[in-house]
Each structure stands twice: as C-alpha cells, then as structure tokens.
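All remarks here apply to the structure that follows.
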There are 2 protein chains.
Amino acid sequence: MAKYSAQHRVLIAVDCIIFGFDGAELKLLVVQRALEPQIGNWSLMGGFIEEGEDPNDAASRVLYKLTGLKDVYMEQLSVFGRPNRDPVERTISVAYSALINIKEYETQLSDAYRAEWIPLKDVPALIFDHDEMVAAAKVHLRYKAALHPVLFELLPEKFTIPQIMALYEQVYNVELDKRNFMRKLRSTGLLVKQADKDKEGSRKGAFYYKLDQETYKDKFSSFLHFIPQP
Amino acid sequence: MAKYSAQHRVLIAVDCIIFGFDGAELKLLVVQRALEPQIGNWSLMGGFIEEGEDPNDAASRVLYKLTGLKDVYMEQLSVFGRPNRDPVERTISVAYSALINIKEYETQLSDAYRAEWIPLKDVPALIFDHDEMVAAAKVHLRYKAALHPVLFELLPEKFTIPQIMALYEQVYNVELDKRNFMRKLRSTGLLVKQADKDKEGSRKGAFYYKLDQETYKDKFSSFLHFIPQP
DNA sequence: ACAAAAGTGTTGGGAATACACCCATGA
DNA sequence: TCATGGGTGTATTCCCAACACTTTTGT
C-alpha cells in the first residue's frame with residue numbers, strides 16, 4: 001500500500017530514568033554521553049528506536065545494555081517532543097521510569113558507559129531536557145507510590161522495615177512515624193517476617209522481611225494510603 | 001552540525017480521546033476516517049505531527065480543527081508504537097485525552113469530519129489500536145478523577161449536583177449515595193450555589209452551582225477522595 | 001553502663017458510611 | 001393529589017495521627 005507520502009518523519013528516542021535504592025539512599029543512574037554534542041556530559045541512558053521495534057522494547061533493550069538486567073519494573077512516563085530539544089536534529093523522546101534495587105545487581109556498569117549511581121539530591125545538571133524528565137519521573141513516582149506498593153520494586157528480596165521507611169521518607173521528603181508506618185505496612189499483609197536479622201544498621205539488628213508475592217499481585221492495583229495527609 | 005545519520009525516522013501521529021458530557025450521559029467523540037486504509041470506519045480524531053511542531057501543540061491543533069475549541073483540558077496519555085499498528089507505514093502515535101462539556105459547545109461538527117458523540121457504552125469497534133487507547137483513557141480518567149476534581153472540566157459553567165453525581169457514577173460505574181456525595185462535595189469548598197434552578201430533570205428543579213475558580217486551582221493538585229472504598 | 005537503633009500500644013478526633021424521611025412542583 | 005426527583009440529618013464505625021517507653025546488643 002502507498003505510504004503517507006506528504007508527511008515528514010522524525011527520530012524517536014527512548015530515555016530511561018532509572019531509580020535505585022541501596023538500602024540507605026535513593027539514587028539515579030546516569031551516564032556520560034558517548035556522542036556529540038555534549039559528549040562526556042551527564043545524561044540519562046537512552047537510545048534510538050530501531051526499525052520495527054516497539055518503544056517499550058527499545059527501553060528494555062537500552063536498560064539491558066546498561067545494566068544487564070531484564071524484567072525490571074518499568075513504566076512509560078511521557079513524551080518529550082519540544083522541537084529543538086536536541087540541537088542536532090529533531091528527535092522525539094519517550095521517557096521511561098525504571099526501579100531497581102542496587103544491591104542485588106552487582107555487575108560493573110561504569111566501564112562500558114561510564115555510568116554512575118548518584119544520590120538523587122546530588123544529581124548534576126543533565127543534557128537537553130533530561131532534567132525535566134527526572135523531575136517528571138519524581139512526580140510520577142510520588143503519585144504512583146502514594147497509591148500502589150511500587151516502592152518494593154526498589155528493595156532486595158530481603159529487606160528491613162527501617163529500610164522501607166527510609167525509602168518512603170526520601171521519596172516524599174518527609175519524616176514518618178515508625179509506629180504508624182509499621183502498623184499500616186503490616187495491615188497490608190504484604191510482609192512475611194523472616195527469622196534472621198540485618199545487623200548492619202544497628203547493634204540490635206532489624207528483622208528481615210520478604211514480600212508476599214501473592215498478596216503483592218492482588219493488592220498492586222488496589223489503592224493504598226501510605227503517606228499521611230496533612 | 002551533522003545529523004544522526006545512521007538512524008531511521010518514523011511518522012508521528014497524535015490521537016485524541018475526547019470525552020464529553022451532556023448533563024446526562026458520558027460520551028466519546030469519534031470520526032469517520034477520511035483516508036485509506038479503512039476509510040469511512042470509526043476512528044479517533046488524529047493527525048500527523050508537522051515539521052517543527054510540538055506534539056502537545058499538534059494535539060491541540062487536531063482538537064481545534066475538529067471542534068473549534070481552544071484551551072480545552074487535555075493530557076498526554078501515552079505512546080502507542082507497536083510496529084504494525086498502522087498497516088500502511090510505521091507510525092508511532094501519542095494519545096491525548098481531552099475533556100469537553102458538550103452543551104457549551106454547540107457548533108456543527110459532523111459535517112466536515114463526520115464526527116459524532118457516541119455514548120461511551122455504545123462505542124463501536126475503532127480502527128487500528130484505537131480501542132486500546134480508549135480503554136487506557138478510561139483507566140486514566142478513573143485514576144485521575146479519584147484524586148483530583150478533574151471531572152468538572154466536563155461540566156458547563158453552571159451545573160447541578162445530580163449532574164455531577166451522574167457523571168461520577170458513569171465514570172466509575174457505581175451507584176453513589178446522594179447524601180454522602182453531597183456532603184463530600186460541599187466540604188471541598190469548590191461549589192458556589194446559584195439562585196436559579198435547572199428545571200429540566202425534574203419538577204422540583206435542581207439548584208445550579210458554579211465552580212469556585214480560586215479554590216479549584218488551589219485544590220486541583222491536593223488529593224481528594226470522591227469514590228468510596230469498598 | 002551506655003549509646004543507638006528496633007520495636008511495641010493506647011487513645012482521641014475526624015472522616016466515612018449507612019440509612020429514611022420531607023420538600024417542591026407539574027401534570 | 002400524586003408521582004418524581006431534589007434535598008436534608010444523625011448515629012456508628014473505623015481509620016488515622018499523636019504520642020513515650022522498653023528492648024537488644026556491641027563497644
């Protein structure tokens with residue numbers, strides 16, 4: 001069949017906003033850009049969509065190339081298409097937000113792409129409109145995590161309650177009450193207490209928990225309310 | 001500067017999921033496709049992005065062309081980019097969701113684009129992946145409206161409480177309790193009661209209300225909870 | 001023994017639900 | 001006068017936020 005011949009075509013990129021948590025701090029995975037322009041400057045990990053490739057697959061591919069990880073929690077964020085956002089050539093970018101637990105993933109990433117985990121509060125200025133993308137991803141994460149237990153995606157298989165709490169506190173930039181938070185958390189039925197403790201954070205040690213995968217799947221779409229309303 | 005020469009370029013479209021409410025029923029605005037393939041079949045209103053055009057502007061342009069309306073509430077939904085979604089040529093589409101109150105907008109639209117308001121429950125099968133887009137838009141609308149008073153965008157300047165309630169009931173496909181709903185609504189401070197009544201729906205007539213624009217702007221981003229949790 | 005973080009319970013207030021009757025009007 | 005939809009009030013439950021002390025253990 002004939003093409004839509006009168007129309008003009010543009011480049012499509014994907015960019016990944018990759019959040020990570022190491023048990024203490026919320027971080028962002030950024031790379032040093034490998035091509036001109038702005039070679040060597042901090043950037044989100046991204047890439048162009050290939051022929052016949054679904055944008056979602058492109059994002060997975062890009063993430064895999066960087067981290068070696070598959071089946072990562074990833075969501076489409078939104079499209080960034082301001083005409084001159086890339087000075088070289090018109091490029092429309094689809095931003096994706098991914099959640100990774102840093103600890104379980106111990107490969108070397110810095111070598112190939114000069115990638116680095118940088119604490120979210122210390123992230124330097126990024127190229128093009130990547131700062132906007134990060135800002136949008138933060139908003140989205142707050143929005144999502146206020147309703148769905150999505151932050152567990154950032155935690156390793158075994159985690160402690162003080163860790164989750166620190167995570168929530170950093171995402172929302174608030175201080176939470178231990179007692180209320182724990183009660184809320186327990187009432188969800190998402191947690192399975194383990195016998196052993198994590199002794200890294202304190203003398204006493206904090207009990208490990210695992211996610212109850214069944215409950216997790218069931219409850220994922222039902223609305224939860226972790227963050228107090230002022 | 002040199003182009004990204006090795007990459008391949010694709011068509012970008014926008015498609016608009018346009019919700020409307022006439023005071024009684026929630027509807028979708030669909031058109032009969034004007035080009036091959038599938039000419040004459042039901043479709044969302046869409047169009048290609050032009051050179052140097054921001055996708056958001058393209059969506060506004062498309063909406064304006066169809067309805068003559070500007071400054072309509074519109075949000076980017078997500079990207080649909082399955083490789084063969086358009087059989088003619090690879091086209092990636094950015095879906096937008098718009099909210100319109102049908103009554104205030106009394107132009108003729110059917111002529112130019114053979115457009116029609118169809119009750120949401122009766123919408124026929126649409127071309128390509130437009131059904132998926134509509135499904136995503138419904139989910140998004142529920143999500144959004146559960147937290148933000150966005151459904152007021154569907155109402156005319158003067159509306160009645162039974163109308164809003166009918167709207168919420170249709171969006172969530174539930175039955176609400178008049179008394180609780182009214183109390184909740186009033187407690188938001190969003191409503192300004194008018195002196196006159198709408199006599200169309202009943203003998204007694206229902207008082208008109210207007211939105212308190214100040215409060216609306218203030219409260220738009222704060223979370224509200226209109227829908228009871230079972 | 002003491003420092004440092006983990007863990008535990010209670011209580012009061014406010015919000016959400018459930019629920020049933022009167023009102024105004026046109027036909 | 002009656003049928004129709006509009007509008008109002010209360011009792012109860014449940015959830016949430018506020019709040020302080022004990023436990024464990026390594027040094």
Side-chain angles (χ1 to χ4, degrees), chain A residues 22-25 145-147 149 155 158-170 172 174-210 219 222-230, chain B residues 22-25 145-147 149 155 158-170 172 174-210 219 222-230:
Chain A
D22 59 9
E25 221 175 352
L147 301 171
L155 293 164
K158 279 164 57 174
F159 50 80
T160 69
I161 292 188
Q163 282 171 0
I164 318 177
M165 198 167 116
L167 182 49
Y168 273 92
E169 289 183 328
Q170 286 178 61
Y172 292 97
V174 290
E175 293 210 340
L176 297 176
D177 183 283
K178 278 195 292 188
R179 296 158 285 189
N180 294 336
F181 185 79
M182 261 183 137
R183 177 177 29 255
K184 227 178 274 193
L185 213 50
R186 268 202 275 265
S187 75
T188 62
L190 288 169
L191 299 187
V192 184
K193 192 172 187 171
Q194 305 301 112
D196 50 340
K197 285 182 165 188
D198 166 37
K199 313 279 280 193
E200 280 193 20
S202 71
R203 328 260 151 139
K204 188 179 176 181
F207 278 104
Y208 279 120
Y209 288 80
K210 287 188 180 180
K219 294 238 170 152
S222 63
F223 287 15
L224 303 170
H225 296 285
F226 285 108
I227 305 304
Q229 243 81 353
Chain B
D22 59 9
E25 222 176 350
L147 301 170
L155 294 163
K158 280 165 56 176
F159 49 81
T160 69
I161 292 188
Q163 281 171 2
I164 318 177
M165 198 168 116
L167 182 49
Y168 272 92
E169 288 183 329
Q170 285 179 62
Y172 291 97
V174 290
E175 294 211 341
L176 298 175
D177 182 282
K178 278 195 292 187
R179 295 157 288 189
N180 294 336
F181 185 77
M182 261 183 137
R183 178 178 28 257
K184 227 179 271 193
L185 213 50
R186 268 202 275 265
S187 75
T188 61
L190 288 169
L191 300 187
V192 184
K193 192 172 187 172
Q194 305 301 111
D196 50 340
K197 285 183 165 186
D198 166 37
K199 314 278 280 191
E200 279 193 22
S202 70
R203 331 256 152 150
K204 185 177 177 181
F207 277 105
Y208 279 119
Y209 288 80
K210 286 187 181 181
K219 294 237 170 151
S222 62
F223 287 179
L224 304 170
H225 295 287
F226 286 108
I227 304 303
Q229 244 82 354

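Numbered from 1 within each chain, the chains take letters A, B, ... in sequence-line order. This structure is a prediction, so every number in the text was calculated from the model and none was measured.
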Any B:Leu190 side-chain heavy atom under 4.5 Å of B:Pro149 side chain: yes
Nearest-angstrom distance from the residue atom CD1 of B:Ile164 to P of D:dG7: 11 Å
Closest heavy-atom pair and its distance - A:Lys204, A:Lys197: O-NZ, 3.3 Å
Distance in angstrom units between B:Lys199 NZ and C:dA27 C1', rounded: 13 Å
Nearest non-hydrogen partners of B:Gly23 and B:Gln163, listed with the distance: O-CG, 3.5 Å
For B:Arg186, the option from B:Met182, B:Lys184, B:Arg183 that meets side chain to side chain contact (heavy atoms under 4.5 Å, CB included): B:Met182
Distance, rounded to the nearest Å, where B:Phe159 contributes CZ and D:dG6 contributes P: 15 Å
Any side-chain heavy-atom pair of A:Ile164 and A:Tyr168 under 4.5 Å: yes
Integer-rounded Å distance: D:dG6 C1' and B:Phe181 CZ: 14 Å
Non-hydrogen side-chain atoms of A:Thr160 and A:Tyr209 separated by less than 4.5 Å: no
Between D:dT8 (C1') and B:Leu185 (CG): distance, integer Å: 15 Å
Sequence-aligned protein contact record of nucleotides 2-10 of chain C, with B where the base is within under 4.0 Å of a protein heavy atom and S where only the sugar-phosphate is: ---BBBBBB
